[in-house]
Amino acid sequence: MKLRQIIQGLEPQQVVGSIDREVTGIEIDSRRIGKDAMFVAMRGTQVDGHTFIGKAIELGASVIVCERLPEAIATGVTYLVYPNTEDVVGTLATHFFGNPSERMHLIGVTGTNGKTTIATLLYKLVRALGHKAGLLSTVVNYIEDEAVPATHTTPDAIELNGLLRRMVDAGCEYAFMEVSSHAIAQERIAGLDFNGALFTNLTRDHIDYHKTFDNYRDTKKRLFDGLKKSAFAVTNKDDKNGLVMTQNCKAAVHTYSTRSLADYKAQILEEGFEGMMLNINGKEVFVPLVGRFNVSNLLCIYGAALCLGFEELDVLRVLSTLKPVNGRFETIRSPKGWTAIVDYAHTPDAVDNVISTIREIINNPTPSLPTREGERHPKLITVVGCGGNRDKGKRPMMAKIAKAGSEQLILTSDNPRDEEPADILNDMKAGLTEDELRSTLVIEDRAAAIQTACTLAQSGDVILVAGKGHEDYQIIKGVKHHFDDHEEVRKYANHS
């Protein structure tokens, strides 16, 4: 593609060299540069891409996008100077890949919790209704049936547009995408044409990056602010920020709620660990998902599907067949009669939601629950930790919530990254009183913590293993080690 076409609408501050030249690729990683490619020098949090301009040219880059010219100007190379390359890389990538988001229905899902479940189940629903679709999620990306490993909630702008281009080439009519606050703040979605945006909820998360909750909220809101008039927005009326998201939104706004008047409403009629019988807008349907938070997720999916023009009865039929997403309230049964729940809950609100759901089920037993021994009431044993190099403020809050809802709490490690696990655990313990600490187990080794929970559990009890969900690794001192909560639970489910 001609460089002149790629920079259309993005006037550089300074140009050195010709813009009438062919560009074969676009990269922000100098190691992936090929002949006649464009290298965008980005100022990252760890390294400055400007230091790799020379290396990129050695590998064949013929166009350099930068914020300042290097001291040595290479012959035959075009330099484009912008005040902030982060602001333009998304649009450059969109143009280079031929504006793929304009060639299908692109739906963005944002919020603190529920993004993965909603995006993934929408992808599955649309495909079950006979349409080709793509998925961009925390767990895995899909181009129809082809799985593409996911490294971030939202890929960088170049990878993102490349994946969207591949979806278009594969004939996808729809793409469902998790949109993180980081992606919005870092302009990774700049230039994309969203047909719809969905809001789940907003609770404390990523304060280490955004500094304040207001900044976090306002960053999420930008997805809705950018919607065109012909698009739609579906927002959670039960969240106090739900209507804030859609203030000044030009798109058609639709609401969902489990508690008040809204366009899409639902109530739980029956609930067990195998699923729920719901009333959705006056129609009953059984779904193999559990929890009030999943009722909200399903309403968002239902509303989005209707906004996309699908028939209501077809949507409800498919909803009744959708299984939980990997690591989202996944149930594992032990022959000894206890049940384990593996869930990605890693924020105070998410932990509270999962624990509240489990408590509702064990306090209001149905025939689907394991048989109790005598009159003994089932206990909830919670295993939870907090990730390193992330928001420290939520650590005591998560411990306090987990302790309040559990008969037995086990604090453990969860991706300590570059921090000392003991320091993270001390931050969590700060949320507990002395009396609460005396009855709390602190087991730094996560495998040992899960084994202890399985050993303590008796028939009818429920073990919640929270924090990692779909993740199959632990990051310790910068090294990624294999670790899977599912594997650890199953190891002891039959032998504990």
Side-chain angles (χ1 to χ4, degrees), residues 105-122 125-126 174 176-179 181 184 194-203 205 213-214 216-269 276 278-285 287 289 291-316 318-319 322 349-350 352-353 356-357:
H105 297 284
L106 176 62
I107 310 301
V109 188
T110 198
T112 304
N113 303 311
K115 296 188 298 294
T116 300
T117 292
I118 290 170
T120 304
L121 295 187
L122 269 169
L125 182 147
V126 165
Y174 301 88
F176 301 98
M177 171 184 170
E178 290 187 51
V179 181
S181 57
I184 299 171
F194 286 95
N195 295 96
L198 317 177
F199 173 72
T200 63
N201 49 66
L202 207 64
T203 60
D205 201 15
F213 184 84
D214 285 353
Y216 177 50
R217 178 200 63 212
D218 293 345
T219 300
K220 294 280 192 185
K221 187 178 183 298
R222 284 170 52 189
L223 176 63
F224 297 87
D225 292 344
L227 291 176
K228 58 194 176 185
K229 191 174 181 180
S230 59
F232 65 85
V234 178
T235 191
N236 184 0
K237 197 176 176 184
D238 291 337
D239 188 285
K240 64 182 181 181
N241 292 290
L243 296 181
V244 173
M245 288 292 131
T246 55
Q247 286 176 355
N248 308 316
C249 178
K250 294 189 289 288
V253 176
H254 306 265
T255 60
Y256 63 94
S257 172
T258 62
R259 299 196 293 264
S260 61
L261 289 174
D263 297 308
Y264 314 118
K265 280 186 57 61
Q267 63 181 121
I268 301 173
L269 303 178
M276 302 176 285
L278 303 179
N279 182 309
I280 299 180
N281 273 21
K283 295 179 175 62
E284 292 188 8
V285 59
V287 294
L289 287 89
R292 186 169 295 279
F293 59 95
N294 267 326
V295 179
S296 289
N297 291 339
L298 288 165
L299 275 177
C300 187
I301 293 165
Y302 168 83
L306 295 189
C307 287
L308 286 170
F310 294 106
E311 292 293 330
E312 181 185 31
L313 292 181
D314 290 336
V315 172
L316 292 173
V318 176
L319 284 182
L322 297 178
D349 185 65
D352 189 34
N353 283 337
S356 296
T357 296

Review point. Between Ile280 and Ala266, what is the shortest heavy-atom contact and its length?
Key: CG1-CB, 3.9 Å
Check your understanding: Is the backbone of Thr203 close enough, under 3.5 Å, to the side chain of Thr112 for a donor and an acceptor to pair up by distance?
Key -> yes
**Study point:** Option among Asp314, Leu322, Val315, Leu316 that satisfies the side-chain contact (heavy atoms from CB on, under 4.5 Å) test with Val318
**Key:** Leu322
Review point. Are the side chains of Leu313 and Glu311 in touch, meaning some heavy atoms are under 4.5 Å apart?
Key: no
Study note, to complete from the structure: Heavy-atom closest pair (Phe224 atom, Leu198 atom, distance to 0.1 Å) is CZ-C, 3.8 Å
Point to revise | Side chain proximity check, Leu306 to Tyr264, heavy atoms < 4.5 angstrom | key: yes
Revision key, fill the gap. Taken to the nearest 0.5 Å, the spacing of Arg259 CZ from Ser296 OG works out to 7.5 Å
**Study point:** Main-chain N/O of Leu243 paired with Thr246 side-chain donor or acceptor, under 3.5 Å
**Key:** yes
Practice item. Heavy atoms only: give me the nearest Ala119-Phe176 pair and the separation to one decimal. Key: O-CB, 3.7 Å
Revision key, fill the gap. Residue set satisfying salt bridge (Lys or Arg N to Asp or Glu O under 4.0 Å) with Lys221, at least two apart, ordered chain then number -> Asp225
Revision key, fill the gap. Distance col, row Lys265:NZ vs Lys237:NZ, nearest 0.5 angstrom, shows 8.5 Å
Review point. Just wondering, do Val234 and Cys307 contact through their side chains at under 4.5 Å, heavy atoms?
Key: yes
Practice item. Give a yes or no answer on whether the side chain of Asn236 reaches the backbone of Phe199 with a donor-acceptor pair at less than 3.5 Å. Key: no
Check your understanding: Just by distance, do the side chain of Lys229 and the backbone of Lys250 share a donor-acceptor pair under 3.5 Å?
Key -> no
**Study point:** Residues forming a ring pair (Phe, Tyr, Trp, His ring centres under 6.0 Å) with His105, sequence neighbours excluded
**Key:** Tyr174
Practice item. Any chance you could lay out the side-chain contact (heavy atoms from CB on, under 4.5 Å) test for Leu121 and Leu289, step after step, and finish with the verdict? Key: CA-CA 11 Å; Leu121 295 187; Leu289 287 89; 3.9 Å; yes
**Study point:** Counterpart residues, side-chain hydrogen bond (donor to acceptor under 3.5 Å, both in side chains), relative to Ser260 (two or more places apart)
**Key:** Ser257
Practice item. For residues Leu298 and Leu319, report the shortest heavy-atom separation together with the two atoms involved. Key: CD2-CD2, 3.9 Å
Check your understanding: Is there a side-chain contact between Phe310 and Val126, using heavy atoms and a 4.5 Å cut-off?
Key -> yes
**Study point:** Any donor-acceptor N/O pair, Arg217 side chain to Asn241 backbone, under 3.5 Å
**Key:** no
Point to revise | side-chain contact (heavy atoms from CB on, under 4.5 Å) evaluation trace for Val179 with Met177 | key: CA-CA 6 Å; Val179 181; Met177 171 184 170; 4.1 Å; yes
Review point. If you measure only the distance, is there a donor-acceptor pair under 3.5 Å linking the side chains of Thr258 and Asp238?
Key: yes
Review point. In this structure, are over 12 heavy atoms from other groups packed under 6.0 Å from Glu312 atom CD?
Key: yes
Check your understanding: Do Asn281 and Tyr302 have side chains that get closer than 4.5 Å, going by heavy atoms?
Key -> yes
Practice item. Would you sort out whether Ile301 and Leu125 count as a side-chain contact (heavy atoms from CB on, under 4.5 Å), showing the intermediate values? Key: CA-CA 9 Å; Ile301 293 165; Leu125 182 147; 4.1 Å; yes
**Study point:** Qualifying residue for side-chain contact (heavy atoms from CB on, under 4.5 Å) with Ile268, from Asn294, Asn279, Val295
**Key:** Val295
**Study point:** Note, Lys228 side chain near Phe194 side chain (heavy atom, < 4.5 Å)
**Key:** no
Exercise for review: Indicate yes or no: at least one non-hydrogen side-chain atom of Ile107 is less than 4.5 angstrom from one of Phe232.
Suggested key: yes
Review point. With no hydrogens and no angle check, is any side-chain donor or acceptor of Thr235 less than 3.5 Å from a backbone partner on Thr255?
Key: no
Exercise for review: Looking only at non-hydrogen atoms, find the nearest pair between Ala231 and Ala251 and report the distance.
Suggested key: O-CB, 3.3 Å
Check your understanding: Considering only heavy atoms from C-beta outward, does the side chain of Asn113 approach that of Thr200 to under 4.5 Å?
Key -> no
